[in-house]
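I have placed the structure first, in the form of structure tokens, so that the comments after it can refer back to it.
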Amino acid sequence: MSASFSRRKFLGAASGLSLGALLPAKLAFPAIHTSKTARGPKGKGPMIVCSRGERWGPKVTQPGFDILSKSGKLMDAVEKSANVTELDPEDMSVGYGGIPNEECVVQLDSSIMYGPTHNCGSVASLEGIKTPCSVARLVMERTDHIMLVGPGAQRFAVMHGFQIENLLTDKARQVWLRWKENVSDKDDWLAPQEGVEKNGKRVTGTINVFGKDDQADIAGITTTSGLGFKIPGRVGDSPIIGAGLYLDNEVGAAGATGRGEEVIRTCGSFLVVEEMRRGKSPDEACKIACERIVAINKRAGVEVDFNDKYVAMNKDGEVGCYAIMGSKKNPPYVCWMDSDGFHTHAGGFLIDQG
Ligand code: GLY
């Protein structure tokens, strides 16, 4: 952490002192980009959108687009696309193979929303089930509840025929072990003397998938293994409707990735959809939600040293994205597949990481 003033220290100290007494004379906030965003690119007809670029985009969007083109079944389409990263152990931020919590247990969060009924479902802290978005779909379609968590969510999944499986891959276990052995010099866990690279990074990942059918009905999913090494039971933004996912069938869809706590306390995806309702392009709406996070932190005297990204699609098929941090080399991406093929769009960012 580069800051002379970390969020953790600030929040810890803030409990007993006035804000003015805590603020350093001059806060070194990074430069803010103020580039304008124009209307974004538009998909044609039925389409599947996801919050990734060239590497994951084609394999995520293709199965959903195939279903949408052949049967027009929107919910099956978004679910099958989101299942791709959930089932792939190479993606260490979603589903099977995700980075575990601080006790080395993989706990998954996911949400789903269907435009025509404005219905939704979600699961949080779900263990042992590789495809949490499919369980979230069942919560939406086969219960009159919206959210199931922990052992209750797992029991519900088992009742619907899901198998309990080991979600911890050897690769994720080794990442956890490296973190555990380096996280503190006051405990009894010792890293090998040589040959192991230190990795203090807290991994976040997540994926957002949206679909739009030939009636311009929309649906969306957000799915994640959440913040790496989190406290057991920690729930991020991904299963919270209005935070990690929100859509309105008359307006469009939005989803978030990155530090979930910031997205929750700004109702991020709801904000993006409401800005699109007011006529903002998806790019502009995502930018406003990123700016809101920076603004509330700045107001509290906290340096933003984390990233959040929003992706959005409006009812016309226009797509956009924006992130707090990025660089020319590594901008935020949104991608989509439509009848013209696979496309990507690089969005803007507030803080240039160089
Ligand atoms: N955005 C994912 C999480 O914070 O859990």
Side-chain angles (χ1 to χ4, degrees), residues 7-8 11 50-52 56 60 82 85-86 91-103 105-113 120 122-127 129 132-133 135-136 147 149-150 153 167 172 175-176 179 201-210 220-247 253-272 286 289-290 292-294 296-297 304-312 321-326 332-334 347 349:
R7 182 169 187 277
R8 177 185 283 268
L11 292 179
C50 105
S51 57
R52 298 276 171 99
W56 284 92
V60 170
T85 45
E86 290 180 328
D91 187 314
M92 300 181 81
S93 68
V94 177
Y96 173 54
I99 299 291
N101 66 19
E102 68 175 21
E103 290 178 359
V105 176
V106 180
Q107 291 186 324
L108 306 176
D109 297 340
S110 181
S111 60
I112 190 164
M113 211 167 167
C120 41
S122 75
V123 291
S125 282
L126 177 62
E127 295 177 15
I129 309 287
C133 83
V135 185
M147 189 171 199
V149 305
L167 304 189
V175 171
W176 178 87
W179 166 79
K201 277 207 166 165
R202 303 291 298 275
V203 186
T204 54
T206 312
I207 190 163
N208 317 116
V209 176
F210 312 136
I221 286 175
T222 295
T223 184
T224 190
S225 51
L227 183 66
F229 324 127
K230 61 194 172 187
I231 295 173
R234 176 264 188 191
V235 172
D237 59 316
S238 303
I240 311 284
I241 299 299
L245 176 71
Y246 190 69
L247 61 85
T257 55
R259 186 177 164 78
E261 283 73 7
E262 301 297 322
V263 174
I264 292 173
R265 67 195 185 118
T266 51
C267 302
S269 293
F270 181 77
L271 176 60
V272 173
C286 292
C290 290
R292 182 69 58 87
I293 291 173
V294 173
I296 59 158
N297 279 279
V304 171
D305 61 355
F306 50 81
N307 205 0
D308 281 299
K309 168 188 162 191
Y310 290 99
V311 298
C321 65
Y322 218 87
I324 293 177
M325 292 184 184
Y333 277 103
V334 62
F349 44 87

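Bear in mind that the values here come from a model prediction, so they are computed numbers and not experimental data. Every number for a ligand or one of its atoms is a count from 1 in the order of the listing.
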*asked:* If the test is side-chain contact (heavy atoms from CB on, under 4.5 Å), which one of T266, V263, V294 qualifies with D308?
replied: V263

_Gap between atom CD of E86 and atom OG1 of T224 - 0.5 Å precision_ = 10.0 Å

_side chain to side chain donor-acceptor pair (under 3.5 Å) assessment of S111 paired with S122_ = CA-CA 4 Å; S111 60; S122 75; over 6 Å; no

*asked:* Please report whether ligand 1 has a polar contact with G236, defined as an N or O pair separated by less than 3.5 Å (distance criterion only).
replied: no

*Any N or O on T257 sitting closer than 3.5 Å to an N or O of ligand 1?*
no

*Sub-4.0 Å heavy-atom approach of G244 to ligand 1*: no

_Region of V263 engaging ligand 1 - heavy atom pairs below 4.0 Å_ = neither

*Using distance alone, determine whether R234 and ligand 1 share an N or O pair under 3.5 Å.*
yes

*Apply side-chain contact (heavy atoms from CB on, under 4.5 Å) to W56 and T85, showing your working.*
CA-CA 8 Å; W56 284 92; T85 45; 3.6 Å; yes

_Regarding E261 and K230, does a basic nitrogen lie under 4.0 Å from an acidic carboxylate oxygen?_
no

*asked:* Among residues at least two apart in sequence or on other chains, which ones pass side-chain contact (heavy atoms from CB on, under 4.5 Å) with S125?
replied: Q107, V235

*What atoms in ligand 1 come closer than 4.0 Å to a heavy atom of G258?*
1 (N), 2 (C), 3 (C), 4 (O)

*Less than 3.5 Å between some nitrogen or oxygen of G260 and one of ligand 1, yes or no?*
yes

*What atoms of ligand 1 come within less than 4.0 Å of a heavy atom belonging to T206?*
1 (N), 2 (C)

*Check side-chain contact (heavy atoms from CB on, under 4.5 Å) between S269 and all other residues, then give those that pass, not counting sequence neighbours.*
Y246, A254, A256, Y310

*Output the list of atoms in ligand 1 that are nearer than 4.0 Å to some heavy atom of L227, sorted by atom number.*
5 (O)

